[in-house]
Amino acid sequence: YSKEYHSGLTLLNNRIKGAIESILYSTPSVGSSPEQIKLKGNTFSDFSSNAMSFSSLGDSLVLDSNTVLKTQATGYGIYTNNCGHVLIKNNMLRGSASYNSGIYTVANDKAYIYNNVLNGAFAAGIYSGSDSSFIYYNTINNTAGNGINCGSSSEKLKIYNNIIRSSGSACYFVNTTLVSNALIDHNDHTTTGTNLLTVGGTNYSTLSAFQSATNKDLNSLSIDPQFT
């Protein structure tokens, strides 16, 4: 499905298989940006690029309780760029092929990302580059990269109550300023690699080292969740 302008669209309980880009919303050539877009309960499988892709929307994009099954390499599960308020919740992303990122948000006004389950091979489970990002209650098992990547454009960042197991860093922050301004706590960070957490060019192999250096994640844990 591809559309250049359509406000008030709701897509419920569909199954979409074998597309290049399953849902694509792009910048309108005329008129105002589309608003009030909702996708709930849909299943996307065997796509070769992105399952859900949204660029330059107005307010109120809701992606709720969708399932993404990735069997072909590259692309994103959920991609949002330059939208207003974005709510990404209760989605499941998994598969045998690698993703660029499971959930990718950049240049949005606000991105709320919570209660999602990501299980598979991702360059990053969640990539956060929106102006304000709120990342809560997600479960991430990433066999190919970092759990959460945070870019420099995330001016207001909150990372709470996530369970993360990754082959790279559980959380990667692009610079120290980003961490200093962020609220990060009550997470469970684990890695099968060497670096548990990374800030810019500094790697921390233990949670206690990260806590001492940043005064963040003071109530967090580093206990293997034993995903099966």
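Quick note: residue numbers are just sequence positions, from 1.
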Indicate yes or no: at least one non-hydrogen side-chain atom of V68 is less than 4.5 angstrom from one of M52.
-> yes
Under 6.0 Å between ring centres, would you say that holds for Y114 and Y137?
-> no
Can you tell me how far the CG atom of N90 sits from the OG1 atom of T67, to the nearest 0.5 Å?
-> 10.5 Å
Indicate yes or no for a side-chain donor-acceptor contact from S130 to the backbone of D109 under 3.5 Å, with no hydrogens or angles considered.
-> no
Parallel, tilted or perpendicular for Y136 and Y160, by the 30°/60° rule?
-> perpendicular
Roughly how far apart are D217 CG and H189 NE2, rounded to 0.5 Å?
-> 3.5 Å
Do any N or O atoms from the side chain of S49 and from the backbone of Y76 form a donor-acceptor pair under 3.5 angstrom?
-> no
Are the side chains of I37 and L57 in touch, meaning some heavy atoms are under 4.5 Å apart?
-> yes
Show your working on side chain to side chain contact (heavy atoms under 4.5 Å, CB included) between I103 and L93 and close with a plain yes or no.
-> CA-CA 9 Å; I103 297 173; L93 294 89; 4.3 Å; yes
Check: Y172 and V199 side chains under 4.5 Å, non-hydrogen atoms | no
Once you round to the nearest 0.5 Å, how far does CG of L118 lie from CD1 of I140?
-> 5.5 Å
Does any N or O in the side chain of D224 come within less than 3.5 Å of the main-chain N or O of Q226, such that one atom is a donor and the other an acceptor?
-> yes
Verdict with reasoning, N146 to S166, per side chain to side chain contact (heavy atoms under 4.5 Å, CB included) = CA-CA 6 Å; N146 300 328; S166 63; 5.7 Å; no
Are I88 and I78 side-chain neighbours, meaning at least one heavy-atom pair lies under 4.5 Å?
-> yes
Closest non-hydrogen atom pair between Y104 and V106, with its separation = CE2-CG1, 3.3 Å
Would you give the length of the straight line joining atom CD1 of I184 to atom CD of Q211, rounded to the nearest 0.5 angstrom?
-> 11.5 Å
Under 3.5 Å donor-acceptor, N142 side chain and G145 backbone | yes
Is it possible for you to say whether L61 and L11 belong to one hydrophobic cluster, with membership spreading through side-chain heavy-atom contacts below 4.5 Å?
-> yes
Working for side chain to side chain contact (heavy atoms under 4.5 Å, CB included), residues F44 and L39 = CA-CA 11 Å; F44 306 94; L39 276 67; 4.1 Å; yes
Which pair of heavy atoms, one from Y79 and one from S55, lies closest together, and at what distance?
-> CE2-OG, 3.9 Å
How many angstroms lie between OG in S169 and CG in N195, if you round to the nearest 0.5 Å?
-> 5.0 Å
Could you tell me whether the side chain of T139 and the main chain of I163 form a donor-acceptor pair under 3.5 Å?
-> no
Quick one: does K89's side chain get under 4.5 Å of Y112's, heavy atoms only?
-> no
Looking at G151 and Y127, what are the two nearest heavy atoms and their distance?
-> CA-OH, 3.7 Å
Side-chain heavy-atom pair V62, K40 within 4.5 angstrom cut-off | no
Backbone N or O of N187 within a donor-acceptor pair of the N161 side chain at under 3.5 Å?
-> no
Backbone of I113 reached by a side-chain donor or acceptor of N138 within 3.5 Å = yes
Measuring from T43:OG1 to R15:CZ, what's the distance to the nearest 0.5 Å?
-> 4.5 Å
A111 and T105 have their tightest heavy-atom pair at CB-OG1, 4.1 Å
Are the side chain of S128 and the backbone of S133 linked by a donor-acceptor contact shorter than 3.5 Å?
-> no
Shortest non-hydrogen pair, S56 vs C83, comes out as N-SG, 4.1 Å
Answer whether the closest heavy-atom distance between the side chains of K110 and V86 falls below 4.5 Å.
-> no
Should I223 and I164 be counted in the same cluster of Ile, Leu, Val, Met, Phe, Trp and Tyr side chains packed under 4.5 Å apart?
-> no
So which heavy atom on I135 is nearest to which on L157, and how close?
-> CD1-CD1, 4.3 Å
V174, Y204: one ILVMFWY side-chain cluster at the under-4.5 Å cut-off?
-> yes
Between N219 (side chain) and D185 (backbone), is there a donor-acceptor pair under 3.5 Å?
-> no
N91: which of N115, N42, N66, D64 passes side-chain hydrogen bond (donor to acceptor under 3.5 Å, both in side chains) | N66
Can you label the angle between the F210 ring and the F173 ring as parallel, tilted or perpendicular, going by 30° and 60°?
-> parallel
Under the 3.5 angstrom rule, does the side chain of K216 hit a backbone N or O of S180 as a donor-acceptor pair?
-> yes
Could you walk me through whether L69 and R94 pass the side chain to side chain contact (heavy atoms under 4.5 Å, CB included) check?
-> CA-CA 5 Å; L69 308 174; R94 59 187 176 88; 3.5 Å; yes
Check whether L183 and F134 end up in the same hydrophobic cluster, where Ile, Leu, Val, Met, Phe, Trp and Tyr are linked by side-chain heavy atoms less than 4.5 Å apart.
-> yes
Does any non-hydrogen side-chain atom of L196 lie less than 4.5 Å from one of L207?
-> yes
